[in-house]
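This structure is a prediction, so every number in the text was calculated from the model and none was measured. Every chain is numbered from 1, with letters handed out A, B, ... down the list of sequences.
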Amino acid sequence: MPQPAVRTRFAPSPTGYLHVGGARTALFNYLYAKTCGGKFILRIEDTDQARSTEESYHQVLDSMRWLGMSWDEGPELENQGPYGPYRQSERREIYDRYASDLVTQKKAFRCFCTQEELEKKKAQREAMGLPPVYDGKCRNLSDDEIQTKLDSGLSYAIRFRTHDTTNEVVVQDMVQGNVRFDTSLIGDFIIVKSDGFPSYNYAVVVDDHEMQITHVIRGVGHLSNTPRQIMIYNAFGWAEPAWAHVSEIVGSDHKKLSKRHGATAITAFRELGYPASAFINYMALLGWSTPDGEEYKSVAELEKIFDVSRCNKSPSMFDVFDLSKTENAELSGLSAVELEPYLFAKSKMNWLSNRHIRALDEEQFITDILPFVKEVGVVPENEVHAKDERLRSVLLSLRVYLDYYMQIRRYLPDFYTSFDPGKTWNDAAMEWVKHELFLSLAKEFLRLIQTKGNEEITQDDYKEYMNTAGKTIGAKGKNLFMNLRVAATGRTEGLELPVYLVLLGKERVIERLTRTIETAEKL
RNA sequence: GUCCCCUUCGUCUAGCGGUUAGGACUCGGGAUUUUCAUUCCCGCAACAGGGGUUCGAUUCCCCUAGGGGACGCCA
């Protein structure tokens, strides 16, 4: 008998931006569906009227799209899928229908208690050291009593009648193993709120059933809700899906991701210029490991090898910030530029991201980085173009240095703006500026370059001039090359010098050497 | 308060009764690159603590400590 096709879903509530925790849950669902050749469904859980916003809904979808986690069924698709609508707010009649079935079968009941009343009772029970469960006041109202209350226009919620039949529920979980729960500790919980909207534990069951979800992959925070959901499955006589509760992600302070870690919005990392594939790769490694131990993986490969049952139970840290810098900092709401200084430069994410950037197809790399080039603002507008040969060469030469695209702003001005030698020189550079042969080498190098007249100068030409200057002045090795490097670039580090000089262009090389000589002579 | 889950190098993790406890990032050292980065070697670094079970526990059980989650008309 063939296994039914795997169907997973990600079910965010649109009450804020998509953050790393949610995105990773989405990713696990997405990857698991891909690996199994199944379907990935996106469902919006917007039953909280007070907190759900349209803006958040768009942000979440936007982040999903950027990450490339395309859904097979869900909102904003030409063909949304056979089990829609995929926004819970549009599925009211479905929940109503099933809820009245439950009420008719006495598996659920109307509760007329007011919120104030319930809060008071809860406080009392807590004071007495009792578990804060519903006391069952409306549990056994007679039909007449109910009708009277209904007639007088009292509003009501619908509660599920728990622990009538069993007193233990076992959650069989692909990650957590078998977890037992005592249902006597679970009170009759609300399935339909007095505003008529379904509550989470109820809507999620109805939808997962209706949408034929086979595997529920979500954060372990939902584990203790699962017995309630299983009770509902049982009440309807429906088969449970397979459960997989994956570990939570914590911040650098070992606390669960929260507002304090506002910088964990997915959009922040897009703005910083991490390739989506790198971010995916990094997130996949949080709580999961590849079977072969290799950590650098393309998305295509992850889509072939992901298996939820390899997930571990312990929480993992989203460790991309420098703890010493973030200690007293409020990271939420910062722009990418403001956020960048707080990043830990040598994080595993940066390492992975650098590898992803270097593995990119050339055209893709240029396309991806161009918006960031434009943002830097130093490249003349008519040259910010994928076809511009010089820009291409500069970008392609620099790519090995980049962990994320926004870093291009550190390097680009060097190629596109005139420089002030006095300011560029740091301590290391000054060591060479003061070198006894610095000026004579710079002058001789400049003279040789100028002999070329209007002709282009190639890398080989530069190499020749460097060697010639060395012989004429009597310098070689480090003394030759470092002096010339500092003379032409103002820095002690950077690209291979002939490559760099060709990228710079003859005019700028001459200008720089000239200014360097002027400045050095005044010292 | 009650219930549930978690705890392996600083970090991400492998491990599923017998391993010199493995890998990756970071860090330190070296080689290559007449610079930096890359690349390549080498090294530092961990089973939270205490009891059991067992010939033998990182692994199984119990307790303690620490962390997280749930007990909502939030999801």
Of the nucleotides [options], which one has an atom closest to the side chain of [X]?
X	options	answer
Ser224(A)	A70(B), G68(B), C73(B)	A70(B)
Leu223(A)	C4(B), U35(B), A75(B)	C4(B)
His222(A)	U38(B), A75(B), U34(B)	A75(B)
Asp48(A)	C74(B), A70(B), C12(B)	C74(B)
Lys193(A)	U7(B), C73(B), A14(B)	C73(B)
Pro315(A)	C4(B), C73(B), C6(B)	C6(B)
Arg358(A)	C5(B), U38(B), U35(B)	U38(B)
Trp351(A)	U35(B), A24(B), A75(B)	A24(B)
Asp319(A)	U13(B), G72(B), U11(B)	U11(B)
Glu493(A)	A75(B), C36(B), U34(B)	C36(B)

When the distance from [atom1] of [X] to [atom2] of [N] is rounded to whole Å, what number comes out?
X	N	atom1	atom2	result
Phe181(A)	A70(B)	CZ	C1'	8 Å
Asp173(A)	C6(B)	CG	P	11 Å
Met317(A)	U26(B)	CE	P	17 Å
Glu431(A)	U35(B)	CD	P	17 Å
Gln176(A)	G69(B)	CD	P	14 Å
Phe344(A)	C27(B)	CZ	C1'	9 Å
Asn350(A)	U11(B)	CG	P	19 Å
Phe189(A)	C74(B)	CZ	P	14 Å

Thr114(A) vs Gly221(A), nearer the 5' end of RNA chain B by closest nucleotide: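 On the 5' side of the pair lies Gly221(A).
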By nearest heavy atom, map Gln115(A) and Ser289(A) onto RNA chain B; which one lands nearer the 5' end?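 By nearest-heavy-atom nucleotide position, the 5'-most residue is Ser289(A).
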Side-chain N,O ([X]) to OP1/OP2 ([N]) below 4.0 Å:
X	N	value
Asn312(A)	G15(B)	no
Thr47(A)	A75(B)	yes
Lys122(A)	G72(B)	yes
Lys346(A)	U11(B)	no

When rounded to the nearest Å, what value does the distance between [atom1] atoms of [N] and [M] take?
N	M	atom1	result
G66(B)	A37(B)	C1'	42 Å
U11(B)	G52(B)	C1'	33 Å
C25(B)	C44(B)	C1'	15 Å
C40(B)	C4(B)	P	49 Å
C16(B)	A57(B)	C1'	13 Å
C74(B)	A65(B)	C1'	32 Å

So [Y] and [X], do their side chains get closer than 4.5 Å, heavy atoms only?
X	Y	answer
Ile230(A)	Trp243(A)	yes
Leu150(A)	Tyr156(A)	yes
Val220(A)	Gln176(A)	yes

Give none if [N] has no partner; otherwise give the nucleotide forming a Watson-Crick or G-U wobble pair with it, both distances under 3.5 Å.
N	result
C36(B)	none
G56(B)	none
A21(B)	none
C9(B)	none
G1(B)	C71(B)
G43(B)	C27(B)

With the criterion being N/O to N/O and under 3.5 Å, what pairs connect the protein with nucleotides 19-21 of chain B, and how long is each?
none

I'd like to know if [X] reaches the base of [N] with its side chain such that a donor and an acceptor end up less than 3.5 angstrom apart.
X	N	answer
Lys348(A)	C12(B)	yes
Glu295(A)	G23(B)	yes
Ser194(A)	C73(B)	yes
Tyr282(A)	C12(B)	no
Asn201(A)	A75(B)	no

Looking only at heavy atoms, what is the nearest atom pair of Leu513(A) and Ala442(A), with distance?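 Taking every non-hydrogen atom into account, CD2-O, 4.4 Å.
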[Y]/[X] salt bridge by N-O under 4.0 Å criterion:
X	Y	answer
Lys348(A)	Asp319(A)	no
Glu54(A)	Arg87(A)	yes
Arg43(A)	Glu210(A)	no

For Phe365(A), is the NZ or CZ atom of Arg399(A) found under 6.0 angstrom from the centre of its six-membered ring and inside 45 degrees of the ring axis?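 Here Arg399(A) passes the 6.0 Å and 45° test against Phe365(A).
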Under the 6.0 Å and 45° cation-pi test, does Arg491(A) pair with Phe419(A)?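 Geometry flag: not set, cation outside 6.0 Å or 45°.
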Answer yes or no: are there more than 12 heavy-atom neighbours, outside Asp427(A) itself, under 6.0 Å from its atom CG?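 No, CG of Asp427(A) has 12 or fewer neighbouring heavy atoms, counting only those of other groups under 6.0 Å.
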Given 3.5 Å as the limit, does a donor-acceptor pair link the side chain of Asp403(A) with the main chain of Ser353(A), or not?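 Such a contact is absent between Asp403(A) side chain and Ser353(A) backbone.
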